[in-house]
There are 2 protein chains.
Amino acid sequence: MSDHAGHAHHGAHHGHPRGGDIEASLDRAAATCLARGAQLTELRRQVLRLVLDSAQPIGAYALLDRLRGERRGAAPPTVYRALDFLIEHGLIHKIERLNAFVGCAEEPGHGHTHAHPHPHQFLICGRCGSTAEVCDESVAGAVAAAAGRLGFHVHRTTVEVEGICAHCHDTKSTSG
Amino acid sequence: MSDHAGHAHHGAHHGHPRGGDIEASLDRAAATCLARGAQLTELRRQVLRLVLDSAQPIGAYALLDRLRGERRGAAPPTVYRALDFLIEHGLIHKIERLNAFVGCAEEPGHGHTHAHPHPHQFLICGRCGSTAEVCDESVAGAVAAAAGRLGFHVHRTTVEVEGICAHCHDTKSTSG
DNA sequence: GGTCATGATGATACACTATATCAGGCCAGC
DNA sequence: GCTGGCCTGATATAGTGTATCATCATGACC
């Protein structure tokens, strides 16, 4: 079945699970971009930092508010252009159900982009709002098989699961 | 694995694949609602008819335009409230990637609702814009397994696959 | 009949999400 | 210095979805 599955991230219970890690991730992201002939400019780096720094999926306009702390004239296109770039290069994902963005759980440098994404699924907790990105190949395989049966050629797959995370299910109190 | 998979619908190539079928579907939908203590009012029936009548997924504001043909003062809440009801009762689905709505491919009366949905996935052709709803249990099973491994309790699963449908892939011309 | 709660719809305004478009700045290469 | 490409600034607008209050019908209950 699934040879590797499931590393949870963006947990809302732990505040900011990363700290100085983020700067290291940004450096790796910059290197990855460079290797592909693109550049992680200061603006894009700022937006990526804000996304990674968020404990939960964050919306474009929330990003915009925070971005304005460091860039006075920031406007919607400012943040959307940066987001498009980051998605294009596989550094972040968009969660369609939430109209929000999260950092990619896979480290960059694996050659995955928007055109050639790595398989990924999101588990969205309806109680605490946290999300986990899992990378389960059996899910991707089942999707590919079902699509293939109909002669459908898959480009991209969006899998977003809504439910209750283990933490919230264990502690049925108001701790979420 | 997957005991049953794949009935394609909403094909854009065939114009309106159904005709008088729609009225029969509406009647069955009304009966299903009644059996559950809800009512498919004239407004909801009109909106459901418009959704079913659309060859492709249709947006809320496109529905609103058409609805105004039969209901002069229709406003956004008019159509959104009807859509919410129809989704709640499993009569239509929302495709998140498209912000659009399609009729449920499963006939009503199977007891599935928004709270207890039947497994379903969408194949979205990026060339002709058609969508197919498939009901593959192996996909749902893989998702459930992956989630369960992390202790996540699944409520609802959104699977939306973007790619090229068999028809468009066969006829690589501009016929899409 | 009168009253009241419920659910559905009408109607207005607003919030949130995303894009189009044009202008200016920076830099590499000729 | 000019050009072309890329990035950003800035303004306006399009597209999607909700909040809120008023109105109206229905049915329960006294």
Side-chain angles (χ1 to χ4, degrees), chain A residues 29-30 33-34 36-48 50-51 54 56-89 91-102 114 129 158 160, chain B residues 29-30 33-34 36-48 50-51 54 56-89 91-102 114 129 158 160:
Chain A
C33 289
L34 263 185
R36 313 163 83 206
Q39 39 179 340
L40 189 68
T41 62
E42 182 56 23
L43 169 62
R44 292 162 178 171
R45 190 181 175 106
Q46 287 172 337
V47 172
L48 179 54
L50 289 173
V51 172
S54 172
Q56 302 187 7
I58 184 170
Y61 280 73
L63 281 171
L64 178 56
D65 283 344
R66 301 187 186 184
L67 184 62
R68 280 179 170 144
E70 24 191 352
R71 276 187 117 80
R72 214 174 57 78
T78 310
V79 64
Y80 276 104
R81 282 192 289 232
L83 289 170
D84 286 345
F85 175 91
L86 297 172
I87 289 172
E88 178 69 26
H89 291 276
L91 298 171
I92 65 174
H93 298 297
K94 178 177 181 182
I95 300 184
E96 300 287 341
R97 285 191 66 83
L98 304 178
N99 294 321
F101 304 84
V102 294
H114 192 223
T158 301
E160 296 173 3
Chain B
C33 289
L34 263 186
R36 313 163 83 206
Q39 39 179 339
L40 190 67
T41 62
E42 183 55 25
L43 168 63
R44 291 162 178 169
R45 190 180 175 105
Q46 286 172 338
V47 172
L48 178 55
L50 289 172
V51 172
S54 172
Q56 301 187 8
I58 184 170
Y61 280 73
L63 281 171
L64 178 54
D65 283 344
R66 301 187 186 185
L67 184 62
R68 280 179 170 145
E70 24 191 353
R71 274 186 119 80
R72 213 174 58 78
T78 309
V79 64
Y80 276 105
R81 283 192 288 230
L83 289 171
D84 286 346
F85 175 91
L86 298 172
I87 290 173
E88 178 69 26
H89 291 275
L91 298 171
I92 65 173
H93 298 297
K94 178 177 182 183
I95 301 184
E96 300 287 341
R97 284 193 66 84
L98 305 178
N99 293 321
F101 304 84
V102 294
H114 193 223
T158 301
E160 296 174 2

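The model shown is predicted, which means the values in this text are computed figures rather than measured ones. Side chains are part of it too, since the values below use all heavy atoms of this structure and drop only hydrogens, waters and symmetry mates. Per chain, numbering begins at 1; letters A, B, ... match sequence-line order.
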message = Could you measure the distance from the CG atom of A/L48 to the CG atom of A/L63? Nearest 0.5 Å is fine.
response = 10.5 Å
Inter-residue atom distance A/Q39.CD - A/L34.CG, 0.5 Å rounding = 7.5 Å
inquiry  = Restricting to non-hydrogen atoms, name the atom on A/G129 and the atom on A/Q56 that form the minimum distance, rounded to 0.1 Å.
reply    = O-OE1, 3.6 Å
Identify all side-chain donor-acceptor contacts of residues 66-76 of chain B below 3.5 Å with residues at least two apart in sequence or on another chain.
| unit_1 | atom_1 | unit_2 | atom_2 | d |
| --- | --- | --- | --- | --- |
| B/R68 | NE | B/A74 | O | 2.9 |
| B/R68 | NH2 | B/A74 | O | 2.9 |
| B/R71 | NH1 | B/Q46 | OE1 | 2.9 |

task = Using a 4.0 Å heavy-atom cut-off across all strands, classify A/R44 as base, sugar-phosphate, or nothing.
result = sugar-phosphate
task = Please name all residues satisfying ring-ring contact (aromatic ring centres under 6.0 Å, His included) with A/F85, sequence neighbours left out, ordered by chain then number.
result = A/H89
request  = For B/E96 and D/dT16, give me the distance from atom CD to atom P, rounded to whole Å.
outcome  = 13 Å
inquiry  = Could you measure the distance from the CD1 atom of A/I92 to the CG atom of A/L83? Nearest 0.5 Å is fine.
reply    = 4.5 Å
key: Inter-residue atom distance B/L64.CG - B/I58.CD1, 0.5 Å rounding   = 10.5 Å
request  = Answer yes or no: is there a side-chain heavy-atom contact under 4.5 Å between A/N99 and A/K94?
outcome  = yes
ask   = Where do B/A82 and B/V47 come nearest, in terms of heavy atoms and distance?
value = CB-CG2, 3.7 Å
inquiry  = Tell me the interatomic distance from B/R97, atom CZ, to C/dT17, atom C1', rounded to whole angstroms.
reply    = 16 Å
Produce the list of close N/O pairs, under 3.5 Å, pairing protein atoms with atoms of nucleotides 23-29 of chain D; give distances to one decimal.
none

key: Watson-Crick or G-U pairs under 3.5 Å in DNA chain D, rendered as dot-bracket with [ ] for crossing pairs and | for another strand   = ||||||||||||||||||||||||||||||
message = Show the nearest heavy-atom pair for residues A/V51 and A/F101, with the distance to one decimal.
response = CG1-O, 4.0 Å
ask   = Rounded to whole angstroms, how far apart are CG on A/D84 and P on C/dT19?
value = 6 Å
key: Upstream residue (5' side of DNA chain C) when A/F101 and B/E42 are each assigned their closest nucleotide   = B/E42
inquiry  = OP1 or OP2 of C/dT9 versus the side-chain N and O atoms of B/T41: is any pair under 4.0 Å?
reply    = yes
inquiry  = Quick check on D/dG15: is either OP1 or OP2 less than 4.0 Å from any side-chain nitrogen or oxygen of B/N99?
reply    = no
task = Give a yes/no answer on whether the side chain of B/K94 brings an N or O atom under 4.0 Å of OP1 or OP2 in D/dT16.
result = no
inquiry  = How would you summarise protein contacts on nucleotides 24-30 of chain C per nucleotide, using B for base, S for sugar-phosphate only and - for none, with heavy-atom distances below 4.0 Å?
reply    = -------
request  = Starting at atom CG of B/L86, determine the distance to atom P of C/dA8, rounded to an integer number of angstrom.
outcome  = 12 Å
Distance, rounded to the nearest Å, where A/L83 contributes CG and C/dT19 contributes P = 10 Å
inquiry  = I need the OH-P distance between A/Y80 and D/dA14, as an integer number of Å.
reply    = 17 Å
key: Interface with DNA chain C, restricted to residues 61-71 of chain B and to heavy atoms under 4.0 Å   = B/R71
message = If I take atom CD1 in residue B/I58 and atom P in nucleotide D/dG15, what distance separates them, rounded to the nearest angstrom?
response = 15 Å
query = How far does CD1 of A/I95 sit from CD of B/E96, to the nearest 0.5 angstrom?
reply = 11.5 Å
For atom NE2 of B/H89 and atom C1' of C/dA8, their distance in whole Å = 13 Å
Polar atom pairs (N or O), protein with nucleotides 19-22 of chain D, under 3.5 Å:
none

task = Working to the nearest 0.5 Å, report the span between CG of B/L86 and CZ of B/R45.
result = 12.0 Å
query = What are the two closest heavy atoms between A/C33 and A/L40, and how far apart are they?
reply = CB-N, 4.0 Å
